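From a predicted model like this one, the values you see are computed outputs, not experimental measurements.
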Amino acid sequence: MSAGLLLDVVDCLLYLDVGEVAHHKYLVKHPNAASPLAAMLSKPAKFVNPVDILDALLGDAASAYQVREADDVSHAGLEQVVDATVAESAVMAMQQAESSGRDDASFYLRSSWAKAYALHPDASGAYVDAVRAVEDVAILLYASANPRATLGSVTVNGTTTGRPTRW
């Protein structure tokens, strides 16, 4: 099997939530594991999530990929490993947007990240979502009177711009 095909299979298994399937099978085999008291008395085998093992193996091997957990924007899958500083900055931007009440901007930033760093990146989709995130914030600040405003029609310092502007 080629490396590319193997990565696609792993990505697909993560998409299909193989960790949750494994946990369900574990609970079927060990019905008392769901009850803390019964679990203490019967000592069933501890559940080991295969997704956590995969993520640890990828990290130990210094792989170019890591496991992306599912959220309300994207499914679980493989994503490219990026510099920790870049990842932290992106997470801070997403959290700041959300804590500022800009849920759409946060959604588009997370969507843009998922598309940009997926196993099979979607650069144009990531770009569109990044622009939408900026529009969500910029329109509120500079063109709030126009409900159909776009980034190209944002007004800065009293002038309407048709091109990107430095703020």
Side-chain angles (χ1 to χ4, degrees), residues 2-24 49-157 160-167:
S2 72
L5 181 57
L6 182 58
L7 287 172
D8 285 338
V9 168
V10 170
D11 192 51
C12 180
L13 288 171
L14 291 169
Y15 175 88
L16 295 172
D17 208 2
V18 70
E20 187 61 34
V21 172
H23 188 247
H24 177 72
N49 190 336
V51 175
D52 294 340
I53 293 171
L54 172 64
D55 198 33
L57 287 171
L58 291 171
D60 290 347
S63 173
Y65 297 100
Q66 63 187 6
V67 173
R68 179 186 64 238
E69 294 182 19
D71 59 19
D72 62 331
V73 175
S74 61
H75 294 284
L78 292 175
E79 75 176 6
Q80 296 173 31
V81 174
V82 297
D83 179 71
T85 306
V86 173
E88 289 171 15
S89 296
V91 168
M92 284 176 43
M94 294 171 208
Q95 290 173 342
Q96 182 64 35
E98 193 167 329
S99 67
S100 300
R102 306 307 311 160
D103 293 337
D104 287 347
S106 177
F107 173 86
Y108 286 126
L109 286 172
R110 289 183 285 132
S111 177
S112 178
W113 181 272
K115 289 175 182 175
Y117 295 105
L119 179 61
H120 300 288
D122 175 9
S124 60
Y127 174 79
V128 167
D129 285 347
V131 168
R132 287 179 177 162
V134 172
E135 279 181 340
D136 184 59
V137 175
I139 289 170
L140 176 71
L141 295 174
Y142 299 107
S144 58
N146 181 359
R148 296 176 50 118
T150 64
L151 192 56
S153 63
V154 168
T155 303
V156 181
N157 297 330
T160 302
T161 63
R163 63 189 193 314
T165 305
R166 289 186 176 167
W167 288 296

Trainee: Does a donor on one side chain and an acceptor on the other come within less than 3.5 Å for Q95 and S99?
Mentor: no
Trainee: Got E98 and D103 here, is their nearest side-chain heavy-atom distance under 4.5 Å?
Mentor: yes
Trainee: With no hydrogens and no angle check, is any side-chain donor or acceptor of S100 less than 3.5 Å from a backbone partner on R102?
Mentor: no
Trainee: Just wondering, do R68 and Y117 contact through their side chains at under 4.5 Å, heavy atoms?
Mentor: no
Trainee: Looking at every heavy atom in both A105 and A97, which two are closest together, and how far apart are they?
Mentor: CB-CB, 4.1 Å
Trainee: Please determine whether the number of non-hydrogen atoms from other residues, nucleotides or ligands lying under 6.0 Å from atom CD of E69 exceeds 12.
Mentor: no
Trainee: Identify the two heavy atoms, one from A118 and one from Q80, that lie closest to each other, and give their separation to 0.1 Å.
Mentor: O-NE2, 3.5 Å
Trainee: Go through L54 and L14 one step at a time and tell me if the side chain to side chain contact (heavy atoms under 4.5 Å, CB included) criterion holds.
Mentor: CA-CA 10 Å; L54 172 64; L14 291 169; 4.1 Å; yes
Trainee: Give a yes or no answer on whether the side chain of D122 reaches the backbone of K115 with a donor-acceptor pair at less than 3.5 Å.
Mentor: no
Trainee: Indicate yes or no for a side-chain donor-acceptor contact from S89 to the backbone of T85 under 3.5 Å, with no hydrogens or angles considered.
Mentor: yes
Trainee: Could you tell me if the side chain of R132 sits less than 4.5 Å from the side chain of D136, heavy atoms only?
Mentor: no
Trainee: If you compare all heavy atoms of L16 against all heavy atoms of V21, which two are closest, and at what distance to 0.1 Å?
Mentor: O-CG2, 4.3 Å
Trainee: In this structure, which one of D55, N49, I53 forms a side chain to side chain contact (heavy atoms under 4.5 Å, CB included) with V51?
Mentor: N49
Trainee: Please lay out, stage by stage, how E135 and D104 fare under the test side chain to side chain contact (heavy atoms under 4.5 Å, CB included).
Mentor: CA-CA 10 Å; E135 279 181 340; D104 287 347; over 6 Å; no
Trainee: If you round to the nearest 0.5 Å, how far is CG of L57 from CG of D52?
Mentor: 11.0 Å
Trainee: Please tell me if the side chains of L119 and Y15 come closer than 4.5 Å, counting only heavy atoms from C-beta onward.
Mentor: no
Trainee: Check Y108 against D129 and note the closest heavy-atom contact, atom names and distance.
Mentor: CB-O, 3.2 Å
